[in-house]
Peer 1: 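Structure below; questions to follow.
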Amino acid sequence: MLYMEPNELISGLSERQAFDDALVRACLTMNVSPTDEQRTRMFEHFRRVVETNRHFNLTRITSPADAAVKHYADSLVLLATAWVPSGRPTRVLDVGTGAGFPAVPLAIMCPQWRIVAVDGTGKKARFVAETATALGLANVQAIHSRGEDLAREGGGSFNLIVVRAVGRIAEVLGGLRGLIRPGTSVVFYKTDKIEPGEVSDGIRQARRLGLAPAQPFEIELPAPDGPLHRRLFRFGP
Ligand code: SAM
């Protein structure tokens with residue numbers, strides 16, 4: 001059994017409390033309700049991210065309350081849209097997953113979804129694979145690959161492709177064209193700081209690929225240092 005000093009134990013408990021409080025508050029604004037077990041799994045993922053971050057950079061957001069909103073609640077914004085049926089089986093691809101965002105929080109909240117998470121950096125893909133196993137997340141498969149390589153090899157068929165903090169919309173869509181089939185939707189997680197030029201280029205590229213733009217989904221999440229403005233873009237049938 002792992003021995004912990006009383007101070008370590010108290011600090012671990014208060015970190016969990018800070019994580020939980022911030023996550024629950026942000027999720028309330030989206031009408032998303034993670035159970036205690038789901039929050040425990042997200043906190044365990046967070047703990048592993050922070051631990052790994054000591055020797056390999058996965059994120060600069062390491063305070064529990066900040067991460068709860070800026071990574072976990074933010075990953076779940078997709079569930080606040082009317083674009084996805086969270087209770088129906090869906091094959092999802094997360095391109096450029098990094099430490100597992102949004103793949104891991106989505107997989108925790110939507111056990112019916114099967115999520116393939118790819119990253120062009122081997123160490124990140126390995127981190128996600130090992131963490132998914134440790135968390136018992138059988139619905140996540142992490143692969144070391146660039147999105148465009150997977151697309152070129154025709155690697156799989158997905159109803160939904162999610163892209164968070166990976167490049168400009170038009171370029172990413174262009175690279176993924178081999179994965180876009182009738183019925184595929186692609187969702188980009190962006191902020192209100194997105195340049196209008198990126199949006200118009202993205203819409204033009206989407207139309208070339210036979211994808212229609214939906215009205216962007218906007219939300220403001222309560223973060224410890226002020227509101228976090230998020231904007232999601234969906235291109236699809
Ligand atoms: N999606 C994660 C998030 O929101 O925290 C990670 C974002 S991080 C800024 C960008 C990640 O995308 C990096 O881990 C990088 O290795 C990966 N990446 C960039 N271009 C990629 C591509 N074409 N295919 C796969 N991964 C890519």
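Order of listing sets the numbers, starting from 1, for every ligand and every atom in it. Quick note: residue numbers are just sequence positions, from 1. Note that the structure is a prediction, hence the values are computed from the model and not measured.
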Peer 1: Does a side chain donor of either Ser185 or Arg234 reach within less than 3.5 Å of an acceptor in the other side chain?
Peer 2: yes
Peer 1: For the residue pair Phe101 and Thr59, establish whether any side-chain heavy-atom pair is separated by less than 4.5 Å.
Peer 2: no
Peer 1: Considering non-hydrogen atoms of the protein only, which is the closest contact for atom 24 (N) of ligand 1, and what is the distance?
Peer 2: Gly147 N, 2.8 Å
Peer 1: Are Val163 and Tyr189 close enough that some pair of their side-chain heavy atoms sits under 4.5 Å apart?
Peer 2: no
Peer 1: Within a reach of under 6.0 Å around CZ of Arg231, are more than 12 heavy atoms found that belong to other residues, nucleotides or ligands?
Peer 2: yes
Peer 1: Quick check on contacts: which atoms of ligand 1 are under 4.0 angstrom from a heavy atom of Lys124?
Peer 2: 13 (C), 14 (O)
Peer 1: Using a 4.0 Å heavy-atom cut-off, which part of Thr97 comes near ligand 1: side chain, backbone, both, or neither?
Peer 2: backbone
Peer 1: Using a 4.0 Å heavy-atom threshold (strictly under), name the region of Arg146 that reaches ligand 1: side chain, backbone, both or neither.
Peer 2: both
Peer 1: In terms of relative ring orientation, are Phe43 and Phe46 parallel, tilted or perpendicular, with 30° and 60° separating the classes?
Peer 2: tilted
Peer 1: How close does the nearest protein non-hydrogen atom get to atom 15 (C) of ligand 1, and which residue and atom is it?
Peer 2: Asp119 OD1, 3.6 Å
Peer 1: Could you tell me whether the side chains of Gln38 and Arg41 share a donor-acceptor contact shorter than 3.5 Å?
Peer 2: no
Peer 1: Would you mind listing which atoms of ligand 1 come within a distance below 4.0 Å of any non-hydrogen atom of Gly98?
Peer 2: 6 (C), 14 (O)
Peer 1: With distance as the sole criterion, is a donor-acceptor pair present between the side chains of Asp201 and Gln205 under 3.5 Å?
Peer 2: no
Peer 1: Report yes if Glu148 has an N/O atom closer than 3.5 Å to an N/O atom of ligand 1; otherwise report no.
Peer 2: yes
Peer 1: Would you say Val118 has any N or O atom under 3.5 Å from an N or O of ligand 1, going by distance alone?
Peer 2: no
Peer 1: One residue to check: Ser145. Relative to ligand 1, which of side chain, backbone, both or neither has a non-hydrogen atom less than 4.0 Å away?
Peer 2: backbone
Peer 1: What protein heavy atom lies closest to atom 26 (N) of ligand 1? Include the residue and the distance to one decimal.
Peer 2: Gly120 N, 3.1 Å
Peer 1: Any donor-acceptor pair under 3.5 Å linking the side-chain atoms of Arg230 with those of Thr191?
Peer 2: no
Peer 1: Identify, for atom 4 (O) of ligand 1, the protein heavy atom at the shortest distance, and state residue, atom and that distance.
Peer 2: Arg164 NH1, 2.7 Å
Peer 1: Which residue supplies the protein heavy atom nearest to atom 20 (N) of ligand 1, what is that atom called, and how far is it?
Peer 2: Val166 CG1, 3.6 Å
Peer 1: Just by distance, no angles: are the side chains of Arg114 and Thr90 close enough, under 3.5 Å, to form a donor-acceptor pair?
Peer 2: no
Peer 1: For atom 8 (S) of ligand 1, find the nearest protein heavy atom and state the residue, atom name and distance (0.1 Å precision).
Peer 2: Ala165 O, 3.8 Å
Peer 1: Who's the nearest protein heavy-atom neighbour of atom 6 (C) of ligand 1, and how far?
Peer 2: Gly96 O, 3.3 Å
